[in-house]
Amino acid sequence: MSFKDLLNKKRLYLDGAMGTYLQANGLLLGELPESMNLRSPETVIAIHKKYIEVGCDIITTNTFGANRIKLSGSGLDVEKVVTAAVINAKVARESSSKHKEIFIALDMSSTGKLLEPLGDLSFEEAYEAYKEQATAGAKAGADLVIIETMTDTYEMKAAVLAVKENSDLPILASFSFDERGKLLTGGDIACAVSLLEGLGVDALGINCGFGPDIMKGFVKDFLYLSSTPVYIMPNAGVPKIEAGVTVFSSSPEDFSSIMYEVAKMGAPILGGCCGTTPDHLRLTIEKCSEVPFNPVDEKNISIISSYSKSCIIGEKPLIVGERINPTGKKIFKQALVNKDYDYIVDQGLLQQEQGADILDVNVGMPGIDEAEVLERAVKELQTSVSLPLQLDSANPSALERAMRLYNGKALVNSVSGKEEDLNAILPLVKKYGGVVVGLTLDDNGIPETAQGRLEVARKIVDRAESYGIAKKNIIIDTLTMTVGAASDAAKVTLDSLELVRKELGVKTILGVSNISFGLPERDIINSTFFAQALYKGLNVAIINPGSAAMMNTYYSHNALTGIDELCVDYGRYINSLTVSAIESKASKEEKPPLFLAIKN
């Protein structure tokens, strides 16, 4: 039976530590652990065999740092090291007395460098390093890949894409968090789960950092959010130095007792990291074998994320800031022509300050290379703005370049019911992950009735699901048409929204301000329509967060419907308005009279 077939049929067990075991068995001071694959293969084989004999289903190759960046200057060749490591694991498997299927996982981890913009390693350089390692592992005969102990979502994305695009091996991927449940680059557990599920890994989880007692606290969140099997690989407690030797605080008995509790919580894959021995795994397997196995179930939780912030669509209405868009904005258009990315970043920072949850990024206009500009705009925004982005383009090649380099799981705007759109955009969403916006228009245009728009939405949902895109990753825009051109425009849009939400069970989004196009005092119409849409169950609104009328409506709605418990957010909002008004008044009072200013 294949590894993927087994994933949802039985609890699987990964092995334990390799590096700490090698240190006690001949690894020289300053020597890379991976060198032992060539210098002392019998030592590596013996370690693998010990884990197999105690009942582990998966043994990880001694290739944790076997990438060109970490091996640089060592004289070691990536392909030779990886090939030797896989062969050593195969020899251990073939010489084992255990009569069961054992899987060999190519072990991959960090390059040791931060990616741009936090460091000097480019996404492409990281990708190439992982590609070389993954290609060598697949060629040597690994059964799957485990990408572990990662602390940066961007580096993880480079590694996962390198494996997926250069092999057909299943992927296990895990991050290491600090005690607050945060990654080195600021992301939380939802950021990790959304990225990895979006990229389509076969199992995801957490490893290293600390022992099972602390790690157990994070398992609940992983299991709550993830529709993908979860694995956990703790250290054998906190390491300490005693008489110059590193020792770990968690005995096999203590470790296995907590892992038993983790198994009862529902984690389907268990293993060990630093300091764990065959005894830690033996006792864990013995105790957990009596815990019933339950396959992972689908979670209807829609998440988008940046490298450091996640948004769950449906918990409360979310605001997409609409200002990074050239439509009707002369200054913005000129900034695009001049490649003034500082202006774009400033617009993002301003909307973040004004209360946006997500930023729309649209740079489509005649006379520019949209793919190049969108890619650069996304990179620049990610250096300064923490919010998730909505990648907004009608150009599939521009979308793909932006999606590939986006650090997180984006909102992707958009796909329509047109056959050309469906065939071009949905494969990108499946490959790179994202929550895709579906527009209720097709080759016949925009339906005039709510029922017609529902049918287009149904077509988009059905086609997306045929690509393996779950409903939770589809959000429907029933299209806001201007009420100045058709008196029933608002009603049709709102009725469509309600139908889509109830009939199809998907989330909804609207570009709210289109309703008032061509009318005077647009905020009056916009804010009223916004209130009506929120009442109908709108999940995501594309608006100007700098509009007081729109934000008044937003915070009032949340307070009135109980979304904002005890009106906490409303109180903060009103307080921010008061502070802003006081500061504005003080600034005006401090300004000297005009004639004095001229004289001075």
Side-chain angles (χ1 to χ4, degrees), residues 18-19 32-34 37 58 60-74 76-86 89 104-176 183-185 187 192 195-205 207-208 231 233 307 400-401 403-409 431-433:
M18 172 63 74
L32 294 175
E34 292 78 17
N37 293 309
I58 305 162
T60 53
T61 59
N62 180 29
T63 52
F64 184 86
N67 58 71
R68 66 171 68 163
I69 296 170
K70 275 196 171 176
L71 295 185
S72 177
S74 68
L76 296 172
D77 176 78
V78 171
E79 184 170 4
K80 287 182 180 178
V81 169
V82 169
T83 301
V86 175
I104 296 170
L106 175 70
D107 196 11
M108 296 170 59
S109 189
S110 171
T111 61
K113 290 189 173 184
L114 283 173
L115 270 64
E116 297 171 339
L118 298 176
D120 58 3
L121 184 66
S122 73
F123 184 87
E124 292 81 5
E125 287 172 325
Y127 174 89
E128 289 299 324
Y130 290 123
K131 174 183 175 181
E132 182 180 25
Q133 189 177 8
T135 302
K139 182 179 177 183
D143 301 308
L144 61 140
V145 172
I146 180 168
I147 307 169
E148 59 163 318
T149 324
M150 300 293 262
T151 58
D152 177 9
T153 52
Y154 212 21
E155 187 174 30
M156 176 66 89
K157 183 172 184 176
V160 172
L161 286 176
V163 176
K164 287 177 70 72
E165 293 179 348
N166 297 283
S167 79
D168 58 359
L169 297 178
I171 300 172
L172 277 64
S174 56
F175 286 101
S176 290
L183 297 171
L184 177 66
T185 48
L195 175 82
L196 293 174
E197 281 204 338
L199 291 171
V201 302
D202 298 282
L204 56 87
N207 79 287
C208 205
Y231 70 95
M233 296 169 56
Y307 66 93
E400 177 161 25
R401 283 177 62 171
M403 291 172 74
R404 186 175 186 84
L405 292 173
Y406 179 67
N407 187 0
K409 181 182 177 185
K431 179 177 181 179
Y432 296 109

Trainee: Could you go through D107 and E148, starting from their C-alpha distance and side-chain angles, then the distance that decides it, and tell me whether this counts as side-chain contact (heavy atoms from CB on, under 4.5 Å)?
Mentor: CA-CA 7 Å; D107 196 11; E148 59 163 318; 2.6 Å; yes
Trainee: Which heavy atom of K157 sits nearest a heavy atom of M403, and at what distance?
Mentor: NZ-O, 2.6 Å
Trainee: Just verifying a value: how many Å separate T60 OG1 and M108 CE, rounded to the nearest 0.5 Å?
Mentor: 13.5 Å
Trainee: Main chain of L183, side chain of T151: is a donor-acceptor contact present, judged purely on distance under 3.5 Å?
Mentor: no
Trainee: Okay, side chain of S167, backbone of V163: is any donor-acceptor separation there less than 3.5 Å?
Mentor: yes
Trainee: Start with the C-alpha distance between E124 and L405, add both sets of side-chain angles, then the distance that settles side-chain contact (heavy atoms from CB on, under 4.5 Å), and finish with yes or no.
Mentor: CA-CA 9 Å; E124 292 81 5; L405 292 173; 3.8 Å; yes
Trainee: Please check if atom NZ in K113 has more than 12 non-hydrogen atoms from other residues, nucleotides or ligands closer than 6.0 Å.
Mentor: no
Trainee: Apply salt bridge (charged side-chain N to carboxylate O under 4.0 Å, His left out) to the pair K431 and E165, showing each step before the final yes or no.
Mentor: CA-CA 10 Å; K431 179 177 181 179; E165 293 179 348; 2.9 Å; yes
Trainee: Return the minimal non-hydrogen interatomic distance between I69 and A129, and the atom names on each side.
Mentor: CD1-CB, 4.1 Å
Trainee: Between atom CD of E128 and atom CG of N166, what is the distance when rounded to the nearest 0.5 Å?
Mentor: 8.0 Å
Trainee: Quick check: does any side chain N or O of S174 sit under 3.5 Å from a backbone N or O of L204, one acting as donor and the other as acceptor?
Mentor: no
Trainee: Judged by modelled atom types alone, do Y432 and E400 share a side-chain donor-acceptor pair under 3.5 Å?
Mentor: yes
Trainee: What is the distance from atom OG of S109 to atom CD of E155, rounded to the nearest 0.5 Å?
Mentor: 7.5 Å
Trainee: Contact between T111 and Y130 at the side-chain level, heavy atoms closer than 4.5 Å - yes or no?
Mentor: yes
Trainee: Which atom names give the shortest non-hydrogen contact between S74 and L32, and what distance separates them?
Mentor: CB-CD1, 3.7 Å
Trainee: Any side-chain heavy atom of I146 within less than 4.5 Å of one from I58?
Mentor: no
Trainee: Kindly compute the distance separating CD1 (I147) from CG (N207), expressed to the nearest 0.5 Å.
Mentor: 11.5 Å
Trainee: Shortest non-hydrogen contact from L199 to K164?
Mentor: O-CE, 3.1 Å
Trainee: Using side-chain heavy atoms (C-beta onward) and a distance below 4.5 Å, is L115 in contact with S122?
Mentor: no
Trainee: Can you check whether D152 reaches Y307 side chain to side chain, under 4.5 Å on heavy atoms?
Mentor: no
Trainee: Would you please test L118 and Y154 for side-chain contact (heavy atoms from CB on, under 4.5 Å) and show each step?
Mentor: CA-CA 10 Å; L118 298 176; Y154 212 21; over 6 Å; no
Trainee: In this structure, are over 12 heavy atoms from other groups packed under 6.0 Å from E79 atom CD?
Mentor: no
Trainee: Strictly distance-based, threshold 3.5 Å: is any side-chain N or O of N62 a donor or acceptor partner for the main-chain N or O of M18?
Mentor: no
Trainee: I would like to know whether K70 and E34 meet side-chain contact (heavy atoms from CB on, under 4.5 Å); could you show each step before the answer?
Mentor: CA-CA 10 Å; K70 275 196 171 176; E34 292 78 17; over 6 Å; no
Trainee: Can you name the one residue among D202, I171, L172 that meets side-chain contact (heavy atoms from CB on, under 4.5 Å) with L144?
Mentor: L172
Trainee: Looking at A162 and K131, what are the two nearest heavy atoms and their distance?
Mentor: CB-N, 3.5 Å
Trainee: To the nearest 0.5 angstrom, please state how far the CG atom of N37 sits from the OG1 atom of T83.
Mentor: 10.0 Å
Trainee: Locate the shortest heavy-atom distance separating A66 from V81; write the atom from each residue and the value.
Mentor: CB-CG1, 4.0 Å
